[in-house]
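We count ligands from 1, going down the list as the structure has it; atoms in each ligand are counted the same way. Worth knowing before you read on, the calculation uses all heavy atoms, side chains too, and leaves out hydrogens, waters and symmetry mates.
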Amino acid sequence: MKKKLITLTMAIALTASLVACSDSSAETTADTSENTNASEATQTLVMATNAEFPPYEYHDGEDDQIVGIDAEIAAAIAEKIGCTLEIEDIAFDSVIPEVTSGKADIGMAGMTVTEERKQSVNFSDSYATAVQVVIVPEDSDIASIDDLSGKIIGVQSGTTGDLYATDDYGDENVERYNKGMEAVQALSQGKVDAVIIDNEPAKVFVEETEGLKILDSAYAEEQYAIAIAIDNTELLDKVNAALAELKADGTIDSIVSKYITVE
Ligand code: GLN
């Protein structure tokens, strides 16, 4: 019994030294005796996301897999740092808490770098630029952002779109939905007057819904980056090094061009 305990302790110690990505999976491996390939099983990179945000992360195909720009960039990063990617699909509001609690190693969800979020997590270098845009019905009297005051604005809860709308037009004028697409559906049913959301999902949602358009005038540019726990600087460095390589060798560009066609 004692010997077994020592062996187990050694196994945990050895596993811990191999872990590049997820400490939590080290525990799982230690008590999964039938798992013979310890190093492979310990090196899991857990990504928390909200797979309702095409083209960055969404469900697709017969097996309803999570695909998209973020999913592919994360897989490429995981490969570079010697880990297997595991994607967790949760509410957007829960992505940062999942990272700060250590349940996920990275949060990647078309997530904009903001000063407020930086209080809770570190962000990697940016891998994409985005803009918040306004979606309105084709026949709307809203012609630019200046016409939004007093209107009811639909947003996805907890996003920067929510933040802008609440700050600029007041909480009483904001309707929050769990998914961006739900806000867009509310717009097409006349329940809200406009939706503020990121430009690429906006294009996808407008394409899928009759009678809507995106205004030419938009909010400020934003940067997307990967959220990592503040104390996990080792992973932050590895992710940044991997990102730099993937930018330099054209991998990021080729992933983006698979999902976004430049007009
Ligand atoms: N970029 C926005 C944000 O970070 C929206 C992200 C999302 O809805 N997945 O708040």
Side-chain angles (χ1 to χ4, degrees), residues 46-60 66-74 87-100 104 106-135 145 153-169 171 174-187 192 194-209 214-215 218-229 239 243 252 255-256 259-260:
V46 181
M47 160 182 166
T49 195
N50 175 236
E52 302 291 343
F53 200 68
Y56 292 94
E57 44 268 322
Y58 57 103
H59 292 267
D60 198 28
I66 296 172
V67 297
I69 295 170
D70 287 352
E72 290 205 24
I73 293 177
I87 303 181
E88 238 181 35
D89 184 16
I90 56 177
F92 182 74
D93 297 17
S94 305
V95 172
I96 286 187
E98 199 76 352
V99 171
T100 55
I106 61 171
M108 203 171 177
M111 188 178 286
T112 304
V113 178
T114 70
E115 287 309 314
E116 200 195 333
R117 290 173 183 164
K118 277 192 195 166
Q119 308 296 312
S120 333
V121 286
N122 274 332
F123 279 104
S124 70
D125 296 331
S126 170
Y127 63 89
T129 305
V131 186
Q132 293 295 311
V133 296
V134 182
I135 309 176
I145 287 173
I153 300 161
V155 295
Q156 183 183 4
S157 183
T159 60
T160 47
D162 182 359
L163 204 82
Y164 292 134
T166 309
D167 276 1
D168 293 349
Y169 308 106
D171 197 48
V174 179
E175 283 292 332
R176 298 184 178 84
Y177 298 87
N178 287 327
K179 304 174 183 177
M181 189 57 185
E182 285 171 6
V184 172
Q185 279 160 354
L187 177 64
V192 299
V195 166
I196 300 181
I197 195 165
D198 305 47
N199 56 332
E200 291 301 334
K203 282 194 235 161
V204 176
F205 296 149
V206 165
E207 189 128 311
E208 288 173 358
T209 320
I214 299 172
L215 293 185
Y219 277 90
E221 211 172 80
E222 303 183 327
Q223 296 299 323
Y224 288 170
I226 302 167
I228 298 173
V239 166
L243 267 178
I252 304 258
I255 292 172
V256 171
Y259 290 92
I260 299 174

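- Listed by first and then second residue, the salt bridge (Lys or Arg N to Asp or Glu O under 4.0 Å) pairs that reach into residues 110-121 are Glu115-Lys118, sequence neighbours excluded.
- Residues Asp70 and Tyr224 have side chains that never bring a donor and an acceptor to within less than 3.5 angstrom of each other.
- Side-chain contact, Tyr259 with Glu72: a donor N or O sits under 3.5 Å from an acceptor N or O.
- Gln156 places a side-chain N or O within donor-acceptor distance of the main-chain N or O of Asn178, the cut-off being under 3.5 Å.
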Tabulation required: pairs of a nitrogen or oxygen in ligand 1 and a protein nitrogen or oxygen under 3.5 Å; columns are atom names and distance to 0.1 Å; otherwise 'none'.
residue, atom, partner, partner atom, Å
ligand 1, 1 (N), Gly110, O, 2.8
ligand 1, 1 (N), Thr112, OG1, 2.8
ligand 1, 1 (N), Asp198, OD2, 2.6
ligand 1, 4 (O), Thr112, N, 2.8
ligand 1, 4 (O), Thr112, OG1, 3.3
ligand 1, 4 (O), Arg117, NH1, 2.8
ligand 1, 8 (O), Gln156, OE1, 2.7
ligand 1, 9 (N), Ala109, O, 2.8
ligand 1, 10 (O), Arg117, NH1, 3.4
ligand 1, 10 (O), Arg117, NH2, 2.8
ligand 1, 10 (O), Thr160, N, 2.8

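- Applying the ring pair (Phe, Tyr, Trp, His ring centres under 6.0 Å) test to Tyr169 and every residue at least two apart in sequence or in another chain returns nothing.
- Partners of Tyr127 according to the ring pair (Phe, Tyr, Trp, His ring centres under 6.0 Å) rule, which considers only residues two or more places apart in sequence or in another chain, do not exist here.
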